[in-house]
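Positions are given from 1, in the same order as the sequence printed here. Start at 1 and go down the list; that is how both ligands and their atoms are numbered.
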Amino acid sequence: MFETLKPQPADKILSLMQTYKADPRTDKIDLGVGVYKDASGNTPVMRAVKEAERRLVADQTTKAYVGLAGDPAFADAMIDLLLADTLPRDRIAAIATPGGTGAIRQALEMVKLAAPAATVWISNPSWPNHASIVNYLKMPKREYRYFDEATRGVDFDGLIADLGTAAAGDVVLLHGCCHNPTGANPTLDQWDRIIATLQDRGAVPLVDVAYQGFGDGLEEDAQATRRIAAAFPNLMIAASCSKNFGIYRERTGILMGIAADAAEATLTQANLNFLNRQNYSFPPDHGARVVTTILTDPTLRADWEAELEQTRSSMLTLRRQLADELRQRTNDDRFDFIADHRGMFSRLGTTEDKVGALRADHGIYMVSDSRMNIAGLNATTVPILAQAIADADI
Ligand code: LMR
């Protein structure tokens with residue numbers, strides 16, 4: 001049977017990881033996959049995570065199943081972190097999922113149950129796996145303009161023009177903060193116009209929040225999502241704990257399905273539970289329990305917030321350093337956008353050939369669409385990257 005299988009397209013982020021690993025050069029620089037690295041190039045376990053895990057190992061008395069939706073305390077803690085008191089709790093259905101990707105997948109599966117013909121709109125560009133999952137599920141897909149190649153900011157007019165043609169019931173995938181791969185984000189005023197456009201069209205938002213706390217701060221990064229949540233009778237929010245808790249391999253995420261009222265939320269919850277059962281039965285618990293332990297313990301939470309803030313500010317410092325170095329080396333301010341972008345990534349805005357040349361000539365690895373993981377830099381590698389960009393005439 002397996003002889004009938006066809007080769008599948010490689011994920012460009014994950015295949016870059018392999019190419020990087022295989023490169024024997026000792027001075028190579030990895031700006032590929034979105035994993036936070038400290039100044040020594042390590043991805044440490046956060047202090048609060050270590051402590052929460054220590055407590056779990058000491059105190060956990062059973063590994064018995066929890067429930068199809070996961071631990072309700074995890075949902076409560078995550079809803080509070082992301083939405084605070086934006087909505088009454090009884091309008092929100094939620095399931096724990098294997099990471100943010102699991103939440104996106106389950107959201108799209110729910111759309112298929114509710115409205116099989118719905119078109120899914122994805123920003124151009126977006127995280128490549130968004131389109132890949134939509135294609136795999138054979139859902140109609142359209143793209144909306146997002147990135148202005150000239151300014152490296154949001155192509156806001158293009159975005160509004162494209163989303164202005166969405167049909168009622170279309171699902172629009174939005175990045176709640178820290179857009180991946182560009183690093184360019186709408187202002188809050190622009191978010192209000194996006195919301196008004198989607199309301200006008202009767203579209204349903206699906207908000208992907210994978211980097212809360214990596215942009216302007218935990219609260220600040222939730223603002224757009226809160227405004228969206230307050231504005232629609234139905235929407236979905238897929239949130240990841242991979243990055244802000246640094247628990248990538250634990251696969252910890254949540255899908256929230258926001259319903260028009262409590263009765264609809266009960267129905268939505270039953271459908272989400274059903275989808276978990278069909279796809280993997282019970283969601284992973286360890287990471288979710290670590291997150292709940294941290295968010296509900298004031299001391300652990302304060303320590304986590306402090307470490308997250310340090311992570312965020314170190315990425316901002318690297319952004320400013322890189323923009324400054326590029327200004328000096330090119331005598332030009334055209335790279336200032338790097339300091340304005342937020343989150344882990346910035347899209348440099350150059351050709352695949354030049355990205356290939358940076359890799360071949362300097363051992364600098366970025367995704368072929370010129371997305372750089374800013375957290376892959378440090379004070380030593382920033383000037384090396386700046387010089388290589390200047391030399392490559394980007
Ligand atoms: C990324 O965009 O690099 C991360 O979200 C990791 C991944 O799974 O692609």
* Structure fact -> Note: ligand 1 atoms sitting under 4.0 Å from heavy atoms of Gly34 are 1 (C), 3 (O)

* Return the orientation label for the Phe282 and Tyr65 ring planes: parallel under 30°, perpendicular over 60°, tilted otherwise. => parallel

* Determine whether the side chain, the backbone, both or neither of Val33 has a heavy atom under 4.0 Å from any heavy atom of ligand 1. => both

* Which atom names give the shortest non-hydrogen contact between Leu174 and Pro205, and what distance separates them? -> CD1-CB, 4.1 Å

* To do: Check the angle between the aromatic planes of Tyr146 and His179 and answer parallel, tilted or perpendicular using the 30° and 60° thresholds.
  => parallel

* Parallel, tilted or perpendicular: rings of His130 and Trp127 (30°, 60°) -> perpendicular

* Asked: Is Met315 close to Met344 at the side-chain level, that is, under 4.5 Å between some pair of heavy atoms?
  -> yes

* ring pair (Phe, Tyr, Trp, His ring centres under 6.0 Å) between His341 and Phe345, intermediate numbers included -> CA-CA 8 Å; His341 283 172; Phe345 307 116; over 10 Å; no

* Does Met17 approach ligand 1 within less than 4.0 angstrom via side chain, backbone, both or neither, non-hydrogen atoms only? -> neither

* To do: Examine the proximity of ligand 1 to Tyr211 and report which part, side chain or backbone, both or neither, has a heavy atom under 4.0 Å away.
  => side chain

* Asked: What residue and atom, counting heavy atoms only, is the protein's closest point to atom 4 (C) of ligand 1, and at what distance?
  -> Lys243 NZ, 3.5 Å

* Asked: Is there at least one pair of N or O atoms, one from Phe345 and one from ligand 1, spaced under 3.5 Å apart?
  -> no

* Structure fact -> At under 4.0 Å between heavy atoms, what of Arg371 touches ligand 1? The answer is side chain

* Record the part of Asn180 in heavy-atom contact with ligand 1 below 4.0 Å; permitted values are side chain, backbone, both and neither. => side chain

* Does NZ or CZ of Lys28 lie under 6.0 Å from the centre of the six-membered ring of Tyr20, at an angle within 45° of the ring axis? -> yes

* Asked: Where is the nearest protein heavy atom to atom 9 (O) of ligand 1: which residue, which atom, and how far?
  -> Trp127 NE1, 3.0 Å

